[in-house]
*Asks:* 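Attaching a single structure in structure tokens format; questions to follow.
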Amino acid sequence: MNRPTRVASIGALALAGAILAVRIPSLDAQAADPQKVVDDAYAKFRNLREGKNADYIPALAKVDPNLFGIALVTTDGKVYTAGDLKTEVSIQSISKVFTMAQVIQEQGLDAIEKRIGVDATGARFNSIIAVEAVKTVVGTGAPEMNPLVNPGAISATSMVTGATADQVWTKIIGFHNDAAGRQLTVLQDVYKSESDTNQRNQAIGALMLAYGYIKDNWQQAVDLYTRQCSIGVNAKDLATMAGTLANAGKNPVTGKQVLDADKVPGVLAVMATAGLYDDSGKWLYHTGLPAKSGVGGGIIAVSPGKFGIAVVSPPLDDAGNSVRAQRAIADISNTLGGNPYAAGSKSGR
Ligand code: GLN
């Protein structure tokens with residue numbers, strides 16, 4: 001090989017190296033370009049018109065059903081987006097993950113397991129029968145439910161410590177802010193609308209007190225729970241929150257350690273078990289990803305060590321999970337090799 005050719009091939013190698021280097025190291029080296037994968041999913045599902053906005057909270061019925069935003073945040077802090085990233089929806093049940101995480105951070109993994117449980121209920125998120133029918137662990141009396149359905153979530157909110165409701169709230173919103181990497185605010189119209197119509201959650205709160213799963217002040221717990229569900233978020237906020245869980249509790253964009261790394265696997269396990277309510281099994285079967293949905297139309301999903309992803313799209317299926325969010329996240333994650341159970345598989349799932 002004469003000299004100029006060798007120089008040229010070394011140059012070509014360096015260029016190929018540079019191209020590889022701009023790939024995200026945390027993602028499968030064989031995987032496609034994440035921005036293209038996100039763009040393709042946006043184009044593919046943009047015109048999907050299945051599902052219906054939640055309307056049992058009147059303010060949610062008024063949200064534009066065409067709203068569609070996708071964001072993916074890698075554990076090394078890269079952000080890939082498509083669609084609407086500005087419009088905020090209410091976080092709804094996705095907040096349950098972060099309040100559970102906050103209680104685990106403060107009081108340890110045992111506290112949640114003993115007071116609420118970490119088992120799927122197999123029932124809808126606001127089922128009262130699930131409270132009545134709950135089994136308890138022989139010996140300890142710990143209920144077999146979880147913090148991602150309303151009874152367990154209201155109970156988790158009641159466990160956040162603070163001398164006044166304001167002090168508890170400051171901690172709850174603070175934890176959400178840290179995970180999202182910015183100051184979030186409550187969507188007051190949603191908060192008022194749900195507060196006016198949340199008699200069912202009040203009944204659940206009272207019942208949880210009656211069974212001793214909430215220790216006191218169930219009214220305050222229901223109110224703070226309703227407020228946390230009304231926090232406004234866009235797809236990028238949600239993806240950053242998911243990215244924090246993917247990155248061992250450290251926000252990959254701000255660098256702040258929000259949750260101890262050794263507390264993260266427990267949080268992800270409950271998400272895998274119950275994050276999409278009674279459809280959690282089907283979701284896990286197809287994606288392998290711990291995830292959480294909210295009736296505002298958001299879903300977050302976590303590929304541990306790789307990325308957090310979120311989609312906002314209000315129309316829901318019968319189980320209460322966003323139709324487009326499920327489709328787009330599954331498509332993107334499977335293409336990028338996000339399924340933690342799929343090591344060694346070519347199809348990514
Ligand atoms: N705030 C809603 C409720 O309590 C949250 C439900 C959800 O997102 N699944 O009914």
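Bear in mind the structure is a predicted one, so any value in this text is a computation, not a measurement. As a basis for the values below, the full set of heavy atoms in this structure was taken, side chains included, without hydrogen atoms, waters or symmetry mates. Each ligand, and each atom within it, is numbered from 1 in the order the structure gives.
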*Asks:* Counting from 1, what ligand 1 atoms have a heavy atom of Ser93 closer than 4.0 Å?
*Replies:* 5 (C), 6 (C), 7 (C), 8 (O), 9 (N)

*Asks:* Counting from 1, what ligand 1 atoms have a heavy atom of Cys229 closer than 4.0 Å?
*Replies:* 1 (N)

*Asks:* Can you list the atoms of ligand 1 that are under 4.0 Å from a heavy atom of Phe125?
*Replies:* 6 (C), 9 (N), 10 (O)

*Asks:* Between Thr75 and Asn247, is any side-chain donor less than 3.5 angstrom from a side-chain acceptor?
*Replies:* no

*Asks:* May I ask you to identify, for Asn150, whether its side chain, its backbone, both or neither come under 4.0 Å of ligand 1 on a heavy-atom basis?
*Replies:* side chain

*Asks:* Would you say Ser90's side chain and Gln92's backbone share a donor-acceptor pair under 3.5 angstrom?
*Replies:* no

*Asks:* How far is atom 9 (N) of ligand 1 from its nearest protein heavy atom, and which residue and atom is that?
*Replies:* Tyr277 OH, 2.6 Å

*Asks:* Between Glu132 and Tyr211, do the side chains contain an N or O donor and an N or O acceptor separated by less than 3.5 Å?
*Replies:* yes

*Asks:* Applying a 4.0 Å heavy-atom criterion (strictly less than), which segment of Arg200 is in contact with ligand 1: side chain, backbone, both, or neither?
*Replies:* neither

*Asks:* I'd like to check whether Ser293 has a polar contact with ligand 1, where a contact means an N/O of the residue lying under 3.5 Å from an N/O of the ligand.
*Replies:* no

*Asks:* Does Asn201 have a non-hydrogen atom less than 4.0 Å from ligand 1?
*Replies:* yes

*Asks:* Pairs of nitrogen or oxygen atoms closer than 3.5 Å, one from Tyr225 and one from ligand 1: do any exist?
*Replies:* yes

*Asks:* Among all the protein's non-hydrogen atoms, which is closest to atom 10 (O) of ligand 1, and how far away is it?
*Replies:* Tyr56 OH, 2.5 Å

*Asks:* Heavy atom of Gly294 under 4.0 Å from ligand 1?
*Replies:* yes

*Asks:* Between Arg124 and Asp278, does any side-chain N to carboxylate O distance fall below 4.0 Å?
*Replies:* no

*Asks:* Can Arg324 be said to sit on top of Phe68's aromatic six-ring, NZ or CZ under 6.0 Å from centre and within 45° of the ring axis?
*Replies:* yes

*Asks:* Under the 3.5 angstrom rule, does the side chain of Asp260 hit a backbone N or O of Asp262 as a donor-acceptor pair?
*Replies:* no

*Asks:* Is there side-chain contact between Ile300 and Ile94, with at least one heavy-atom pair below 4.5 Å?
*Replies:* yes

*Asks:* Can we say Asp84 and Lys86 salt-bridge, meaning some charged N sits less than 4.0 Å from an Asp/Glu carboxylate O?
*Replies:* no

*Asks:* Among all protein heavy atoms in this structure, tell me which lies nearest to atom 2 (C) of ligand 1, with the distance rounded to 0.1 Å.
*Replies:* Gln92 OE1, 3.1 Å

